[in-house]
Amino acid sequence: METAQRPVISATGLFTPPESISNEELVASFNRYVERFNADHAGAIAAGEVAALEPSSVEFIEKASGIKSRHVMAKAPVLDPDVMAPRWAERADEDLSILAEIGVAAAQDALARAGRQARDVDAVLCAASNMERPYPAMAIEIQQALGIEGFAFDMNVACSSATFGIQTAADYIRAGHARSVLVVSPEITSGHLNWRDRDSHFIFGDVATAVLVEDAAIAPDAHWDILGTRLKTVFSNNIRNNFGFLNRAHPETADTPDKLFVQEGRKVFKEVVPMVAQMIVDEAERLGIDSHGLRRLWLHQANAGMNRLIAQRVLGHEANADESPTVLDTYGNTSSAGSIIAFHLHSEDLRAGDTGLICSFGAGYSAGTVFVRKAG
Ligand code: COA
C-alpha cells in the first residue's frame, strides 16, 4: 500500500539587504523634516490652522517596540527629508524586478541548504504583504528566474502570508499535487511605510525569506516535521492600507496617507495578544502537545512587548531569549518574513525531537501557527 505524503520543512533561506538604518539616523532625518515643516508652516501654526509636528525619539522607539535598526533596499532616499521613501531606477520589463530579485536570492539560499536542484521543485508561492504589480504574478517571475517547471502564484495575507503559504504548500503535498514547494516572502516594506508618520516611521524593514516545504520521502535527513498548522482570520480596520489600482478613480485622494500603512497600534496590541495566545494554546492541545514544554517559539516580529506577553501565556512563565528569540532589534518588523527569519537564524542548535512553534499575526487580522519537530 502507498504511504501518504507527509509535509516537512526541508530548509529555509534568507536575503538581508546590505544597507541598514539605525534609530539615531532615522530620528535625525525625521526631526529635520519636522523642523522644516514647522518652519514652513510657522504662520499657519501660530494662527492655529495647522498642528505643529512633534519630534520623534530614539528612546521612545526602542522602549515601545524593541527595534534598534532596520535593513532597507535604498537608504539615502529614505533618510532624505525631501523624499522619505525608497527610490531606484525603474526596471525594463525584460529585467528581473526588484521584488523577484530578492525573492530569488532567498530561494537560492534555501535550495542550497537542502541540496535541492531548482528543476526538482514543483511549485512557487510568493507569499508577501505587498506585490510590486498586479500581474504577471511575482511568483511566476521567480519560478522562471529559478528555472522551475510546474506552477506558481501570489498570495497576500499581510503579516501572516508566510505561515498561510506554509499551510497551502503542506496541503498540496498531502493531496499529492506537488512534492516540493517553495514559499518565498520578499518584503520591501519600506515602500508602504509612511516615513513621515511619527507613530509608525520606525516600524518596518526590508528582507526576503524562503521556506522549502517537501514530502518527507524526498527531504534531506536534516529537516523539520510539520506536526500541524492552523490559520485564523478576523476582520479588523486597525491595520489598513488603501493603496490599489482603483485609487485612479479618485485622483484627488490618490496620494493621501491612507494609501500607505496605517494602524491603531494600541488596539492591535490589546486585541491580537489574547487572540493569538489562545489560538496557540488551543492548537497545541488539539495536537496533543504540552504548550509549557515547547522548546522554542519563533514568533512574528512586530513588537517585543507583544511577544513577551504571548510567550508568557503559552509557556506559563516569562520566556528568555533562548525560548523566544528576537530579530526585531536588527531587522525591525519585516511583516510576514519575521517569524521565518527568527526560525532561520535560531534553530540550528535544537536537538532531534525538540518541538517548537512558528507563529505569525497581523493585518486582517490574520494569524497562523506551524508546530514543528526537529527530525533525526
Ligand atoms: N517618538 C516619541 N514619542 C512618540 C512617538 C515617537 N516616534 N510616537 C508616539 N509617541 C508618543 C505619543 O505621542 C504618545 O504620547 P502621549 O501618551 O503623551 O499621548 C505615546 O508616545 C504613546 O503612543 P502610542 O502610539 O500609543 O505608543 P505605544 O506604546 O502603543 O507604541 C507601537 C506604539 C506602534 C510601537 C505599539 O503600539 C505596537 O507595536 N503595537 C502593535 C503593532 C503591531 O503589531 N502592528 C502590526 C503591524 S504588522
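Whatever order the structure lists them in is the order used to number ligands and atoms, beginning at 1. On a predicted model such as this, the values are computed, not experimentally measured, just so you know.
Note on ring orientation: taking the six-membered ring where Trp is involved, the planes of Tyr33 and Phe37 are tilted (angle from 30° to 60°).
The side-chain heavy atoms of Tyr331 and Leu345, taken from C-beta on, include a pair separated by under 4.5 Å.
Gly362 does not count as a contact of ligand 1, since none of its heavy atoms falls under 4.0 Å from the ligand. Ligand 1 has no atom lying under 4.0 Å from any heavy atom of Ser335. Heavy-atom distances between Ala363 and ligand 1 stay at or above 4.0 Å for every pair.
From the protein, the heavy atom lying nearest to atom 1 (N) of ligand 1 is Ser57 N, 3.2 Å. Counting protein heavy atoms only, atom 31 (O) of ligand 1 is closest to Ala64 CB, 3.6 Å. Protein heavy atom in closest approach to atom 30 (O) of ligand 1: Arg266 NE, 2.6 Å. Considering only non-hydrogen protein atoms, atom 32 (C) of ligand 1 sits nearest to Asn303 ND2, 4.4 Å. Among all non-hydrogen protein atoms, the one lying nearest atom 9 (C) of ligand 1 is Asp199 OD1, 3.2 Å. If you check which protein heavy atom lies closest to atom 34 (C) of ligand 1, you get Gln263 NE2, 3.3 Å. Of the protein's heavy atoms, Phe60 CZ, 4.1 Å lies nearest to atom 23 (O) of ligand 1.
Taking a distance limit of 4.0 Å, we find that atom 47 (C) of ligand 1 is approached by some protein heavy atom. Contact annotation for atom 18 (O) of ligand 1: protein absent (non-hydrogen atoms, distance under 4.0 Å). Within a 4.0 Å radius of atom 21 (O) of ligand 1, the protein contributes one or more non-hydrogen atoms. The nearest protein heavy atom to atom 28 (P) of ligand 1 is closer than 4.0 Å. Within a 4.0 Å radius of atom 15 (O) of ligand 1, the protein contributes no non-hydrogen atoms. Inside a 4.0 Å radius of atom 7 (N) of ligand 1 there is at least one protein heavy atom.
Ion pairing between a basic and an acidic side chain is recognised when a charged N comes within 4.0 Å of a carboxylate O; Asp354 and Arg296 show no such pairing. Salt bridge status for Glu25 with Lys75: present, with a side-chain N to carboxylate O gap under 4.0 Å. Under the 4.0 Å criterion applied to side-chain N and carboxylate O atoms, Asp171 and Arg174 are assigned as salt-bridge partners.
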Considering only distance and modelled atom types, tabulate donor-acceptor pairs under 3.5 Å from the side chains of residues 108-117, sequence neighbours left out.
| unit_1 | atom_1 | unit_2 | atom_2 | d |
| --- | --- | --- | --- | --- |
| Asp109 | OD1 | Arg113 | NE | 2.9 |
| Asp109 | OD1 | Arg113 | NH2 | 3.4 |
| Asp109 | OD2 | Leu14 | N | 2.9 |
| Asp109 | OD2 | Arg113 | NE | 3.4 |
| Arg116 | NE | Glu214 | OE2 | 2.6 |
| Arg116 | NH2 | Glu214 | OE1 | 2.9 |
| Arg116 | NH2 | Glu214 | OE2 | 3.3 |
| Arg116 | NH2 | Ile218 | O | 2.8 |

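An N or O contact shorter than 3.5 Å is missing between Ser65 and ligand 1 by distance. Between Gly265 and ligand 1, an N or O atom pair is found at a separation short of 3.5 Å. Residue Arg198 places at least one N or O, backbone or side chain, under 3.5 Å from an N or O of ligand 1. When only interatomic distances are considered, the shortest N/O to N/O separation between Asn333 and ligand 1 does not fall below 3.5 Å.
His223 places a side-chain N or O within 3.5 Å of a backbone atom of Pro220 that can act as its donor or acceptor partner.
Linking ILVMFWY side-chain heavy atoms closer than 4.5 Å, directly or via other members, places Phe153 and Met138 in two distinct hydrophobic clusters. Linking Ile, Leu, Val, Met, Phe, Trp and Tyr residues whenever their side-chain heavy atoms come within less than 4.5 Å places Phe202 and Met84 in a single cluster.
Here the closest heavy-atom approach between residue Ser190 and residue Trp195 is recorded as O-NE1, 3.0 Å.
Taking Glu283 as the reference, Arg230, Arg286 meet the salt bridge (Lys or Arg N to Asp or Glu O under 4.0 Å) condition, with sequence neighbours excluded.
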